[in-house]
Protein chains: 2
Amino acid sequence: MSTNKNCIVRISRYKNALNRLKALGFVKVFSSNLADATGTSSAQVRKDFSLFGITGNKRGGYNVDDLIEQMNQIFGKHLVHKVIIVGLGNIGKALLRYKGFEKESIKIAAAFDIDSSKFNDNSIVPVYPLEKLSEFIKENEIKLGVIAVPDVAAQQVFEIMKKSGIKGVLNFAPISLNNDSGVVVNNINLEMELENLIYYVIAAEKS
Amino acid sequence: MSTNKNCIVRISRYKNALNRLKALGFVKVFSSNLADATGTSSAQVRKDFSLFGITGNKRGGYNVDDLIEQMNQIFGKHLVHKVIIVGLGNIGKALLRYKGFEKESIKIAAAFDIDSSKFNDNSIVPVYPLEKLSEFIKENEIKLGVIAVPDVAAQQVFEIMKKSGIKGVLNFAPISLNNDSGVVVNNINLEMELENLIYYVIAAEKS
DNA sequence: ACTTTATAGTGATTTTTTTCACATTAATAA
DNA sequence: TTATTAATGTGAAAAAAATCACTATAAAGT
Ligand SMILES: NC(=O)c1ccc[n+]([C@@H]2O[C@H](COP(=O)([O-])OP(=O)(O)OC[C@H]3O[C@@H](n4cnc5c(N)ncnc54)[C@H](O)[C@@H]3O)[C@@H](O)[C@H]2O)c1
Ligand SMILES: NC(=O)c1ccc[n+]([C@@H]2O[C@H](COP(=O)([O-])OP(=O)(O)OC[C@H]3O[C@@H](n4cnc5c(N)ncnc54)[C@H](O)[C@@H]3O)[C@@H](O)[C@H]2O)c1
């Protein structure tokens with residue numbers, strides 16, 4: 001529908017805010033409410049909605065449930081999305097233990113590592129050796145993968161994922177994966193995030 | 001110097017790529033090398049450099065060490081930046097245990113929690129009760145904080161940080177912090193990152 | 001029923017970001 | 001030494017994104 005990257009991120013924020021507002025008992029919202037809750041302008045909210053063909057009522061705002069439903073549609077929330085995690089170190093374990101993914105219809109289907117002490121077939125989320133990765137992805141038609149291995153291993157893991165049919169990757173390793181294929185890669189680089197923060201803090205000090 | 005958000009992120013990526021290229025023995029690089037390594041165009045690389053007044057040699061490319069040095073300057077890498085972490089759960093612990101921050105001159109100075117079983121004055125990075133947060137920030141002139149507490153506690157922690165003089169915050173809680181002040185906030189929302197990935201995977205399927 | 005009013009929706013405008021294209025120049029080759 | 005070449009650096013152009021500003025309209029008030 002839209003091709004604006006920032007717009008997608010904002011829609012996700014609106015959805016997040018809407019769930020909170022709903023919990024507070026809101027039945028309808030105005031574009032300015034969502035703007036305040038997400039730190040943007042009401043015109044931006046309406047423009048974003050317009051790009052996705054989301055409409056409300058002139059003078060009546062938007063119905064919260066309707067909005068949430070439409071956004072769930074955009075993000076495929078009516079289906080459960082199975083995810084696998086490769087690398088069960090600090091980050092991998094943190095994700096595995098996190099309880100918040102279920103309510104976003106994200107299900108961690110399995111984890112993979114090369115450290116045999118981490119293997120476990122019987123836990124809620126099974127942990128398998130890396131050798132089983134390809135097979136598991138194919139058999140379970142997994143589309144989403146998380147890379148949480150050391151940087152030197154990341155490209156190798158990515159190649160296996162690509163070959164096996166993964167369509168989207170969340171990569172925590174601080175390298176840019178060499179990606180010619182159509183696989184979507186989102187990078188999370190925590191060092192870079194802190195660095196970025198430092199840049200703006202330094203810039204603010206100067207002015 | 002520059003005011004373009006994407007540009008800063010790209011500069012950070014160039015720096016990352018440069019360190020890798022240096023490790024491989026590169027002494028000079030061309031804008032196209034950096035473009036390839038970071039997935040952008042050579043014109044973009046040169047334009048970004050131009051915004052920061054970074055110059056190379058016509059026909060000779062750029063000297064790797066010089067570039068790294070200039071970028072370290074941009075990101076204040078000649079100083080050690082002290083960071084505190086609030087919330088020592090899954091994410092907080094993952095960050096605490098991560099060894100990669102030192103080489104980026106980021107030092108975790110202390111962590112804070114409300115769970116007394118986590119307090120520890122004697123570990124390399126001490127863990128204190130939340131009550132000590134404000135005092136610690138002031139006494140040690142901490143400028144950077146990480147919020148890794150549950151969403152309901154995040155705003156409260158943020159308020160303490162603001163009042164005590166923190167200038168930059170990395171927030172992992174999935175809420176938008178109400179931020180009127182001049183504090184810089186970078187949000188990392190892992191659910192949203194996965195959601196975003198799902199959006200693009202769905203979009204790719206349709207086309 | 002009629003008027004007022006507040007908000008949605010959107011085309012037009014402005015601003016920001018990216019890409020283009022080429023003049024400039026330093027290294028290399030002849 | 002001179003010509004050739006391959007890269008930088010940057011204004012100009014194009015594209016993308018955000019903001020503005022106004023119209024349409026549904027709700028609330030009289
Ligand atoms: N922990 C953090 O806070 C943090 C911060 C910034 C970046 N990162 C990055 O995130 C990634 C993960 O970090 P971490 O701290 O969780 O690392 P970690 O060392 O704690 O864990 C890595 C895990 O990957 C496994 N592994 C190694 N090679 C593998 C392979 N080829 N296939 C499958 N598994 C393999 C290891 O056995 C280990 O369990 C790293 O690339 C790191 O640079 C982490
Ligand atoms: N773990 C993940 O993979 C993940 C994924 C997405 C989002 N998040 C978000 O990151 C944040 C942290 O997640 P987590 O999994 O580490 O949570 P967690 O529950 O494991 O840890 C939270 C920690 O914060 C402490 N705490 C609670 N209230 C506090 C307060 N007022 N002051 C100081 N400490 C306090 C708790 O004692 C606990 O140690 C949460 O907001 C969560 O929604 C985490």
Side-chain angles (χ1 to χ4, degrees), chain A residues 1-15 17-18 21 26-71 74 176 196 199-200 203, chain B residues 1-15 17-18 21 26-71 74 176 196 199-200 203:
Chain A
M1 190 84 79
S2 161
T3 182
N4 181 335
K5 224 170 170 251
N6 301 340
C7 170
I8 316 289
V9 171
R10 282 193 302 266
I11 295 270
S12 205
R13 291 218 186 97
Y14 302 149
K15 183 168 74 62
L18 281 165
L21 292 171
F26 278 59
V27 173
K28 64 173 191 177
V29 287
F30 301 125
S31 56
S32 65
N33 298 145
L34 286 171
D36 291 346
T38 58
T40 184
S41 69
S42 63
Q44 182 76 80
V45 173
R46 295 199 302 276
K47 189 61 140 188
D48 288 340
F49 283 6
S50 159
L51 290 173
F52 276 92
I54 294 172
T55 62
N57 312 301
K58 292 235 165 93
R59 197 174 156 153
Y62 304 82
N63 177 283
V64 171
D65 285 329
D66 287 356
L67 274 188
I68 291 176
E69 173 50 28
Q70 288 183 79
M71 294 184 184
I74 291 171
S176 4
N196 196 269
Y199 173 82
Y200 286 105
Chain B
M1 187 86 78
S2 162
T3 183
N4 181 335
K5 224 169 170 250
N6 300 342
C7 171
I8 317 288
V9 172
R10 283 192 302 266
I11 295 272
S12 206
R13 291 218 187 98
Y14 302 149
K15 181 167 74 61
L18 281 164
L21 293 171
F26 278 59
V27 174
K28 65 174 190 178
V29 287
F30 301 126
S31 55
S32 65
N33 299 144
L34 286 172
D36 291 346
T38 58
T40 183
S41 69
S42 63
Q44 183 76 80
V45 173
R46 295 198 302 277
K47 189 60 139 190
D48 288 339
F49 284 6
S50 158
L51 290 173
F52 276 93
I54 295 172
T55 61
N57 312 301
K58 291 242 162 84
R59 193 168 159 163
Y62 303 83
N63 177 283
V64 172
D65 285 329
D66 287 357
L67 275 188
I68 291 176
E69 172 50 29
Q70 288 184 77
M71 293 184 184
I74 291 171
S176 4
N196 197 269
Y199 172 82
Y200 286 105

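Chain naming here is simple, since letters A, B, ... match the order of the sequence lines and numbering starts at 1 in each.
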>> Output the rounded distance in Å from CG (A:L51) to C1' (C:dA8).
In response: 15 Å
> Considering all heavy atoms of both residues, which atom of B:K28 and which atom of B:G60 are nearest to each other, and what is their separation?
Replying inline: CD-O, 3.4 Å
>> Determine whether a donor-acceptor pair (N or O, by modelled atom type, separation under 3.5 Å) exists between the side chain of B:T38 and the backbone of B:L34.
In response: yes
> Within the structure shown, what part of the strands sits under 4.0 Å from A:F49 by heavy-atom distance: base, sugar-phosphate, or nothing?
Replying inline: nothing
> Got a second to check how far A:T40's OG1 is from A:R10's CZ, nearest 0.5 Å?
Replying inline: 5.5 Å
> Is any side-chain nitrogen or oxygen of B:S41 closer than 4.0 Å to OP1 or OP2 of C:dT19?
Replying inline: yes
>> Less than 4.0 angstrom between a side-chain N/O of A:R10 and OP1 or OP2 of D:dA17, yes or no?
In response: no
> How close or far is atom P of C:dT7 from atom CG of A:L34, stated in whole angstroms?
Replying inline: 13 Å
>> For A:V29 and A:F26: C-alpha separation, side-chain torsions, deciding distance, then whether side chain to side chain contact (heavy atoms under 4.5 Å, CB included) applies.
In response: CA-CA 7 Å; A:V29 287; A:F26 278 59; 3.9 Å; yes
> Counting only side-chain N and O atoms of A:Y62, is one of them less than 4.0 Å from OP1 or OP2 of C:dG9?
Replying inline: yes
>> If we count only N and O atoms by modelled type, under 3.5 Å, do the side chains of A:Y62 and A:N57 hold a donor and an acceptor together?
In response: no
> Is the phosphate of D:dG9, meaning OP1 or OP2, less than 4.0 Å from a side-chain N or O of B:S50?
Replying inline: no
>> So if I take the C1' atoms of five pairs at each end of the helix from C:dA1-D:dT30 to C:dA30-D:dT1 and get each local axis, what angle do the two axes make, rounded to 10 degrees?
In response: 10°
> Going by heavy atoms in the side chains, are B:L67 and B:F49 under 4.5 Å from each other?
Replying inline: yes
> Among D:dT19, C:dA8, D:dA7, which is the nearest nucleotide to the side chain of B:F30?
Replying inline: D:dA7
> Can you find a pair of side-chain heavy atoms, one from A:I8 and one from A:N4, that are under 4.5 Å apart?
Replying inline: no
> So, does B:S176 use its side chain to make a donor-acceptor pair with the main chain of A:A37 at under 3.5 Å?
Replying inline: yes
> Would B:Y200 and A:K5 count as a side chain to side chain contact (heavy atoms under 4.5 Å, CB included) if you check the C-alpha gap in whole Å, the side-chain angles of each, and the deciding distance to 0.1 Å?
Replying inline: CA-CA 10 Å; B:Y200 286 105; A:K5 224 170 170 251; 3.2 Å; yes
>> For B:L51 versus B:C7, what's the shortest heavy-atom pair and its separation?
In response: CD1-SG, 4.1 Å
Could you go through nucleotides 12-16 of chain C and list every protein N or O atom that sits under 3.5 Å from one of its N or O atoms, giving the distance for each pair?
none

>> Looking at D:dT8, I'd like to know if its phosphate oxygens (OP1 or OP2) sit under 4.0 Å from a side-chain N or O belonging to B:R46.
In response: yes
> Just checking B:S31: base, sugar-phosphate only, or nothing, at a heavy-atom cut-off of under 4.0 Å?
Replying inline: sugar-phosphate
> A:D36 side chain to A:N33 main-chain N or O, any donor-acceptor pair under 3.5 Å?
Replying inline: no
Distances under 3.5 Å only, N/O to N/O: pair up the protein atoms with those of nucleotides 27-30 of chain C.
{"residue": "C:dA27", "atom": "N3", "partner": "B:R59", "partner atom": "NH1", "Å": "3.2"}

>> Looking at D:dA17, I'd like to know if its phosphate oxygens (OP1 or OP2) sit under 4.0 Å from a side-chain N or O belonging to A:Q44.
In response: no
>> Please classify the nucleic acid contact of B:S32 as base, sugar-phosphate, or nothing, using heavy-atom distances under 4.0 Å.
In response: nothing
> Could you state the CG-P distance from A:D48 to D:dT19, rounded to the nearest angstrom?
Replying inline: 10 Å
> How long is the line joining NZ of B:K5 and C1' of D:dA18, in whole Å?
Replying inline: 15 Å
> What nucleic acid atoms does B:T55 come within less than 4.0 Å of, heavy atoms only: base, sugar-phosphate, or nothing?
Replying inline: sugar-phosphate
> Side chain of A:N6: nearest nucleotide among C:dT17, D:dA17, C:dT10?
Replying inline: D:dA17
> Is any side-chain heavy atom of B:I74 less than 4.5 Å from a side-chain heavy atom of B:I54?
Replying inline: yes
